[in-house]
J.: 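Submitted below is the structure of interest, expressed as structure tokens.
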Amino acid sequence: MAKNFPTREENYSQWYNELVVKADLAENSAVRGCMVIKPYGYAIWEKMQAALDKMFKDTGHQNAYFPLFIPKSFLSKEASHVEGFAKECAVVTHYRLKTGEDGKSIVVDEDAKLEEELIVRPTSETIIWDTYKKWIQSYRDLPILVNQWANVVRWEMRTRLFLRTAEFLWQEGHTAHETKDQAVEETLTILDVYAKFAEEWMAVPVLRGLKSQSEKFAGAVDTYCIEALMQDGKALQAGTSHFLGQNFAKAFDVKFLSKENKLEYVWATSWGVSTRLMGALVMSHSDDNGLVLPPKLAPIQVAIIPIYRKDEQLEQISEKVKTIKSALEAKGISVKFDDRDTYKPGWKFSEYEFKGVPIRLAMGPRDLENGTIEIARRDTLKKEIVPIEGIEDVIENLLNEIQEKLYNKALDYRKEHTFEVNDWDEFKEKIEAGGFVLAHWDGTPETELKIKEETKATIRTIPLNNPQEDGKCILTGKPSKERVVFAKAY
RNA sequence: CGGGGUAUAGCGUAGUCCGGUCAGCGCGCCUGCUUUGGGAGCAGGAGGUCGCAGGUUCAAAUCCUGCUACCCCGACCA
């Protein structure tokens, strides 16, 4: 029941879990910290995948696949990389089970111990760079622009549905280039792809920028990110694009002969977005009645519900609906006609609201007489009776309008919750209340850490094309040239 | 791994202090009839080793001991 949803002021996580389970998106699995994504939720992920995959291909990338298991020794080749992931790796030590001495239980066969343990990939840089070593000899082999869709495992202490699950689905791009400039350009190209996807498909406005050195990816030279603000005022890192320099090339000894016949290390990038985006989607738009999906990512864009007493009424309605349905489908709009007689109309109304279906149509005997149909939109919950004539154009426009409105609403929210702050007390107050806080910082990791300890706020990003201005660090008062974005984050 | 909580039907819970008509309630589920423009009403029904293992007792959901799992807050993190 909608009224049983905890409000946003209450524990957000509880609200979120309720929402997700009731909206049929996902539920917790028996495996600790992993998730079961139900068919409806997975359909949203598939839509995201399809859109992203096209954008990658349009920018010259290809898909490939690499092993799930990584020899333990690979992980230790890049020092900061191993340090970043060592504490959250699942390790495979044996390859066989056997029946226990009691004849019933199943135990690990100690004779089947692996010579070298395997790590379930927390990310694939190492195994991919081990492979690239074999692929690259000449500048003619470059660039390599490869993406993989995969699952990864990070054994987090604490998990949170979609945002930090022990296993998650993602894509990870791994590219190799001749020059530093080409690699940096690639990093920024992908950052732009991510930002466009977030804004144009998910209707989630994002900040584009650089991570501070202490927040960057383990093994990267620079980490670029897109950063979104959720409805509860907390920030969410929605995607990252890393300039890896020559770190992995050196660790895995990947060299090529340049046009000048010189042996050089290749330049690298890696980048990824995950099922965390599903969390971002839910937490950006949903309300106390359930999900609100942007039309471009909604598996069902229009749900049609018949209202009837007698079977012959249903027949008449179905007849009319068929025409509407095919007219909409001709425009590429996905339509579900829900003529199940096992649920009543009111039940279905709530069901599609939970699921975030952008537009709901209802047709009953009154509409049959008048040549009308009831149209209800999920984002505003408003409904009106309109003529059936030309309904497909009305809906097509309305879907576009809803997509745009969701984005603008989220953008307005972010504007209202972005503050320029010059005073430490005000800083603490604004951080506590939630939102992006733009403040000066002296650029040192020590100050960054101290601010984190005192306020739980981290530097979310140093925006691209950040305006330069003289100021004083919010904590130390030392001189600073630009403001950075602070917030409490998921 | 530190601190705090919780465990009773598919879900949510009452009962635990004070042992004994104590295994109950709501939602959901099943059957029938009436209903169908915002999660229907009535009647009947199914569903439980009270997290697990010991112990105390004439008697344990309730008291004691040990274990396990989950949740929240930290540390970690896409």
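Naming: A, B, ... by sequence-line order, numbering from 1 per chain. Hydrogens, waters and symmetry mates play no part in the numbers below; they use all other heavy atoms, side chains included. Remember, it's a predicted structure, so these values are computed and weren't measured experimentally.
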J.: What's the gap between B:G51 and B:A9 when it is taken at their C1' atoms, as a whole Å value?
T.: 14 Å

J.: Indicate, with a heavy-atom threshold strictly under 4.0 Å, whether A:Thr240 touches base, sugar-phosphate, or nothing.
T.: nothing

J.: The side chain of A:Ser274 lies closest to which of these nucleotides: B:U36, B:G38, B:A78?
T.: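 Closest nucleotide among those given: B:A78.
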
J.: In residues 448-464 of chain A, which residues come under 4.0 Å of RNA chain B by heavy atom?
T.: A:Lys452, A:Lys456

J.: Would you say A:Lys87 places a side-chain N or O within less than 4.0 Å of OP1 or OP2 belonging to B:C76?
T.: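 No, A:Lys87 has no side-chain N/O under 4.0 Å of OP1/OP2 on B:C76.
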
J.: A:Arg309 side chain N/O closer than 4.0 Å to the phosphate oxygens (OP1, OP2) of B:U36?
T.: yes

J.: Taking atom C1' in both B:G3 and B:A46, compute the distance separating them and give it to the nearest angstrom.
T.: 44 Å

J.: Would you measure the distance from the C1' atom in B:G66 across to the matching atom in B:C27 and give it in whole Å?
T.: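 Pairwise C1' distance, B:G66 against B:C27, rounds to 37 Å.
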
J.: Between B:G38, B:A78, B:G37, which nucleotide has the shortest distance from any of its atoms to the side chain of A:Phe168?
T.: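 Nucleotide nearest to A:Phe168's side chain: B:A78.
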
J.: To the nearest Å, give me how far apart OH (A:Tyr343) and P (B:C29) are.
T.: 7 Å

J.: Which of the following nucleotides, B:A78, B:G38, B:U36, is nearest to the side chain of A:Glu353?
T.: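 Nearest nucleotide to the side chain: B:G38.
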
J.: Ion pair present between A:Lys456 and A:Glu432, side-chain N to carboxylate O less than 4.0 angstrom?
T.: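 Looking at A:Lys456 and A:Glu432, the cut-off is not met.
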
J.: Distance check, C1' atoms only: B:C42 and B:A53, in whole angstrom units.
T.: 47 Å

J.: Under 4.0 Å, heavy atoms only, any strand: does A:Asp341 hit a base, just the sugar-phosphate, or nothing?
T.: nothing

J.: Can you tell me, in whole Å, how much space there is between the P of B:C71 and that of B:U57?
T.: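 Comparing P positions in B:C71 and B:U57 gives a spacing of 38 Å.
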
J.: Checking contacts here: which listed nucleotide (B:A78, B:C76, B:G37) is nearest the side-chain heavy atoms of A:Glu88?
T.: B:C76

J.: Expressed as a whole number of Å, how far does the C1' atom of B:G4 sit from that of B:G48?
T.: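 Their C1' atoms lie roughly 30 Å apart.
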
J.: Taking both distances under 3.5 Å as the test for a Watson-Crick or G-U pair, what stems of at least three pairs does RNA chain B have?
T.: B:1-7 with B:68-74, B:10-13 with B:24-27, B:29-34 with B:40-45, B:51-55 with B:63-67

